[in-house]
> 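Once you've had a glance at the structure underneath, I'll fire off some questions.
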Amino acid sequence: MAPVSLDTINPKVLKCEYAVRGEIVTLAQAVQEELKSKPGSRPFDEILYCNIGNPQSLGQQPITFFREVLALCDHPSILDKSETRGLFSSDAIERARQILDQIPGRATGAYSHSQGIKGLRDAIAAGIEARDGFPADPNDIFLTDGASPAVHMMMQLLIRSEKDGILCPIPQYPLYSASIALHGGTLVPYYLDEATGWGLEVSELKKQWADAKSKGITPRALVVINPGNPTGQVLAENNQKEIVDFCKKEGLVLLADEVYQENVYVPEKKFHSFKKVARSMGYGEKDISVVSFQSVSKGYYGECGKRGGYMEVTGFGPEIREQIYKLASVNLCSNISGQILASLVMSPPKDGDESYESYSAEKDGILSSLKRRAKTLEDAFNKLEGVTCNKAEGAMYLFPCIRLPEKAIKAAEAAKTTPDNFYCRGLLNATGIVFVPGSGFGQVLGTWHFRCTILPQEDKIPAVVSRLTEFHKSFMEEFRE
């Protein structure tokens with residue numbers, strides 16, 4: 001018998017699933033290889049990846065100022081060369097010097113403090129303070145390789161056994177269900193209300209909290225994703241206050257996934273951090289525990305491969321902070337390029353800096369294009385038979401609901417798969433478009449959805465719409481009762 005088999009590995013790994021890189025994506029990669037080796041073998045010539053929030057893989061260009069600073073920090077010997085002034089903006093050169101002065105040995109290839117470089121944490125704290133209007137402490141900042149390791153760290157800290165529950169939105173980003181499973185806890189679902197634009201009702205939180213308690217599960221924390229993934233809603237400030245009050249009353253840690261804070265597309269909504277909301281309600285460090293996650297992968301920056309992010313940890317005593325630091329130190333430190341980028345994201349060029357105008361133009365160009373793409377796709381989904389799609393208020397995704405004919409549901413059962421997976425598989429094979437089935441995110445029983453990113457470049461969106469529309473018509477005709 002082999003020393004390692006499915007019967008002998010950690011059962012928590014078997015329970016863990018991550019849909020955005022699941023079966024449909026594996027199939028898409030195989031089709032992509034087929035297109036390379038046998039051009040013309042399919043009725044399309046390229047795969048349109050709408051499965052994951054990975055902007056630069058789909059053609060989004062990085063922000064020039066950020067990359068200039070990174071390049072100079074990684075190769076400091078060119079800082080003093082005369083040619084550098086002609087190639088790099090003066091404020092990027094100055095920022096790189098400032099950052100290098102904060103790095104031990106001025107070397108981006110060296111380990112840093114396990115929480116991250118102190119000077120970079122200072123810059124991030126100042127950025128948080130400027131955003132929220134409330135003080136931020138650099139000692140509350142833990143720099144991480146994207147937001148995901150920070151989430152894992154908090155799950156490790158909070159989950160003691162399967163009797164510990166984490167309240168999590170449904171639909172949710174599968175990082176949460178995966179990390180809860182890996183760390184041996186129980187996911188306590190609370191359902192967002194699709195009929196009210198994916199609203200978060202506190203009455204639903206109370207109901208699910210009570211249900212968990214009745215089963216002997218101790219809820220430890222509440223996850224809120226704002227703006228929403230995969231649902232794209234932006235919470236109203238009054239709703240956030242209700243959520244804060246609920247966490248305060250029930251003694252829950254509020255885990256605030258705020259990685260899409262720059263991605264708000266409707267004028268009537270505005271991003272407010274949960275820490276800012278809690279402080280505006282008069283709650284301080286001793287009243288409520290809030291952990292906020294931010295990442296350089298989203299926003300207008302889209303630097304997914306640089307793996308930069310942070311969590312701001314507030315409302316924990318010094319003895320718990322010591323344990324969080326210990327968890328961070330097991331990984332030595334996060335990568336230095338990601339740390340630098342996290343500081344730049346929270347402290348970009350200011351009015352009067354040489355790079356300010358070009359930086360603002362790049363940022364506004366990306367965000368306004370994302371807004372247009374979101375609206376075009378939202379409208380296209382709502383024109384399809386049996387499909388309804390809520391307004392794209394923020395983030396990078398749409399989560400349309402599709403009412404599938406009974407014949408299609410039976411065909412999916414015969415193919416031993418879920419109806420939404422059956423639809424997405426058919427879409428991929430016919431058009432090359434990659435959507436993720438809603439079952440990978442969770443959905444109300446008996447409803448079917450799929451998640452689509454708004455990230456294909458603007459000139460590719462008409463192809464997504466026309467291919468999808470044509471496929472959907474033929475699919476509905478094929479399975480019509």
> Measure the SG-NZ distance between Cys304 and Lys298 for me, rounded to the nearest 0.5 Å.
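If we round to the nearest 0.5 Å, Cys304:SG and Lys298:NZ are 4.5 Å apart.
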> Taking side chain as C-beta onward, heavy atoms only, is Met281 less than 4.5 Å from Val277?
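Side-chain contact under 4.5 Å: yes.
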> Lys407: what forms a side chain to side chain contact (heavy atoms under 4.5 Å, CB included) with it, not counting sequence neighbours?
Phe479, Glu481
> For the residue pair Tyr423 and Phe471, is the inter-centroid distance of their aromatic rings smaller than 6.0 Å?
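Yes: the rings meet the under 6.0 Å criterion.
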> Where the side chain of Asn335 meets the backbone of Lys306, is there a donor-acceptor pair that is under 3.5 Å apart?
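Flag set: sc Asn335 to bb Lys306 pair under 3.5 Å.
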> Side chains of Lys383 and Thr469: closer than 4.5 Å at any heavy-atom pair?
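They are not in side-chain contact.
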> Can you tell me which residue among Met346, Gln294, Glu312, Met311 is in a side-chain contact (heavy atoms from CB on, under 4.5 Å) with Ile141?
Glu312
> Closest heavy-atom contact between Pro171 and Leu192?
O-CD1, 4.0 Å
> When you measure from the side chain of Thr314 to the backbone of Val290, do you find a donor-acceptor pair of N or O atoms at a distance under 3.5 Å?
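Yes: the side chain of Thr314 pairs with the backbone of Val290.
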> Under 3.5 Å, side chain of Thr196 to main-chain N/O of Trp198, donor-acceptor pair present?
no
> Does Asn229 reach the main-chain N or O of Ala395 with its side chain, forming a donor-acceptor pair under 3.5 Å?
no
> Could you walk me through whether Glu303 and Arg67 pass the salt bridge (charged side-chain N to carboxylate O under 4.0 Å, His left out) test, one step at a time?
CA-CA 10 Å; Glu303 292 280 12; Arg67 285 301 183 89; 2.9 Å; yes
> Name the orientation class of the two ring planes belonging to Phe450 and Phe435 (parallel below 30°, tilted from 30 to 60°, perpendicular beyond 60°).
parallel
> Can Leu222 and Trp209 be said to form a side chain to side chain contact (heavy atoms under 4.5 Å, CB included), step by step?
CA-CA 10 Å; Leu222 168 68; Trp209 179 89; over 6 Å; no
> Do Lys410 and Glu413 sit within salt-bridge range, that is, some charged N less than 4.0 Å from a carboxylate O?
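No salt bridge links Lys410 with Glu413.
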> Quick one, Leu341 with Phe66, criterion side chain to side chain contact (heavy atoms under 4.5 Å, CB included). Give me CA distance, side-chain angles, the key distance, then yes/no.
CA-CA 7 Å; Leu341 263 171; Phe66 294 171; 3.8 Å; yes
> Within the 4.5 Å heavy-atom criterion, are Glu194 and Val444 side-chain neighbours or not?
no
> Check the pair Tyr176, Asp257 against side-chain hydrogen bond (donor to acceptor under 3.5 Å, both in side chains), reporting the backbone distance first and the verdict last.
CA-CA 10 Å; Tyr176 291 97; Asp257 181 331; 2.8 Å; yes
> May I ask you to decide if Thr376's main-chain N or O and Asp379's side chain share a donor-acceptor pair within less than 3.5 Å?
no
> Ignoring hydrogens and angles, tell me if any N or O in the side chain of Ser466 forms a donor-acceptor pair with the backbone of Ala463 under 3.5 Å.
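Yes; at least one donor-acceptor contact below 3.5 Å.
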> List the atom of Ile433, the atom of Cys50, and the distance in Å for their closest heavy-atom pair.
CG2-SG, 4.4 Å
> For the OG atom of Ser280 and the NZ atom of Lys275, what is their distance to the nearest 0.5 Å?
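Between atom OG of Ser280 and atom NZ of Lys275 there are 12.0 Å.
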> Donor-acceptor pair, Glu378 side chain versus Ala392 backbone, under 3.5 Å?
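Looks like yes, one N/O pair under 3.5 Å.
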> Could you check Val436, Ile170, Thr231 and say which one makes a side-chain contact (heavy atoms from CB on, under 4.5 Å) with Phe441?
Val436
> Is the backbone of His272 close enough, under 3.5 Å, to the side chain of Glu237 for a donor and an acceptor to pair up by distance?
no
> Quick one: does any side-chain atom of Gln339 pair with a main-chain N or O of Leu143 as donor and acceptor, under 3.5 Å?
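Checked: no pair found.
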> For the atom pair CD (Glu262) and CD1 (Ile366), what is the distance rounded to the nearest 0.5 Å?
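Nearest 0.5 Å value for the CD-CD1 distance: 11.0 Å.
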> Would you give the length of the straight line joining atom OG of Ser41 to atom NZ of Lys36, rounded to the nearest 0.5 angstrom?
13.0 Å
> Is the number of heavy atoms from other residues, nucleotides or ligands under 6.0 Å of Lys269 NZ greater than 12?
yes
> Does a donor on one side chain and an acceptor on the other come within less than 3.5 Å for Ser355 and Asp91?
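Looking only at side-chain atoms, Asp91 and Ser355 do form a donor-acceptor pair, the distance falling under 3.5 Å.
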> Indicate the atoms forming the closest heavy-atom contact of Asn239 with Leu200, along with that distance.
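Scanning both residues, the minimum pair turns out to be ND2-O, 3.1 Å.
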> Verify the distance criterion only: is there a donor paired with an acceptor across the side chains of Asp420 and Thr418 at less than 3.5 Å?
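Judged by distance alone, the side chains do pair up.
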> Determine whether the side chains of Glu201 and Ser203 contain a donor N or O and an acceptor N or O closer than 3.5 Å.
no
> Please tell me if the side chains of Gln32 and Tyr49 come closer than 4.5 Å, counting only heavy atoms from C-beta onward.
yes
> Evaluate side-chain hydrogen bond (donor to acceptor under 3.5 Å, both in side chains) for Tyr283 paired with Asp245, printing each intermediate quantity in order.
CA-CA 10 Å; Tyr283 293 141; Asp245 269 335; 2.5 Å; yes
> Would you say the ring centroid of Tyr260 lies under 6.0 angstrom from that of Tyr397?
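Yes, they do, as the ring centres are separated by less than 6.0 Å.
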> If you define the side chain from C-beta out and look only at heavy atoms, does anything of Gln172 sit under 4.5 Å from Pro189?
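The answer is no, as the side chains (C-beta and beyond) never meet within the 4.5 Å cut-off.
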> Going through the checks in order, is the side chain to side chain contact (heavy atoms under 4.5 Å, CB included) test met by Phe271 and Arg131?
CA-CA 10 Å; Phe271 169 78; Arg131 180 195 70 195; 4.3 Å; yes
> Can you name the nearest heavy-atom pair linking Asn226 to Gln233, along with the distance?
OD1-O, 4.1 Å
> Could you tell me how the ring of Phe399 sits relative to the ring of His449: parallel (under 30°), tilted (30 to 60°) or perpendicular (over 60°)?
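Aromatic pair Phe399/His449 classed parallel.
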> Quick one: CD1 on Ile454 to NZ on Lys375, what's the gap to the nearest 0.5 Å?
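One gets 13.0 Å once the value is rounded to the nearest 0.5 Å.
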> Report, as yes or no, whether the 6.0 Å neighbourhood of atom CD on Glu129 holds more than 12 heavy atoms from other residues, nucleotides or ligands.
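Yes - once you tally the heavy atoms of other residues, nucleotides and ligands closer than 6.0 Å, there are more than 12.
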> In Å, rounded to the nearest 0.5 Å, how long is the span from CG of Asn382 to CG of Leu377?
11.0 Å
> Flag the pair Ser358 / Thr64 as yes when at least one side-chain heavy-atom distance between them is below 4.5 Å, and no otherwise.
no
> Check whether the side chains of Tyr310 and Asp140 place a donor and an acceptor atom closer than 3.5 Å, and report yes or no.
no
> Take Thr144 and Val151 through the test side chain to side chain contact (heavy atoms under 4.5 Å, CB included) and record every step on the way to the result.
CA-CA 10 Å; Thr144 51; Val151 170; over 6 Å; no
> Under the 3.5 angstrom rule, does the side chain of Arg451 hit a backbone N or O of Pro230 as a donor-acceptor pair?
no
> Any chance the side chains of Arg42 and Asn429 put a donor and an acceptor closer than 3.5 Å?
yes
> Hey, are the side chains of Pro437 and Ile24 touching, using non-hydrogen atoms and a 4.5 Å cut-off?
yes
> Give me the atom names and distance for the closest heavy-atom approach of Tyr265 to Leu367.
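Minimum heavy-atom separation between Tyr265 and Leu367: CE2-O, 4.1 Å.
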> For Ser337 and Leu70, which heavy atoms make the closest approach, and how far apart are they?
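Looking at all heavy atoms of both residues, the closest pair is O-CD2, 3.7 Å.
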> Between Glu204 and Gln208, is there a side-chain donor-acceptor contact under 3.5 Å, judged purely by atom types and distance?
yes
> Would you say Ser273 and Glu258 are linked by a side-chain donor-acceptor pair, where the criterion is simply a distance under 3.5 Å?
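There is no such pair between these side chains.
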> Side-chain contact, heavy-atom cut-off 4.5 Å: Pro219 with Glu250?
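Answer no - side chains too far apart.
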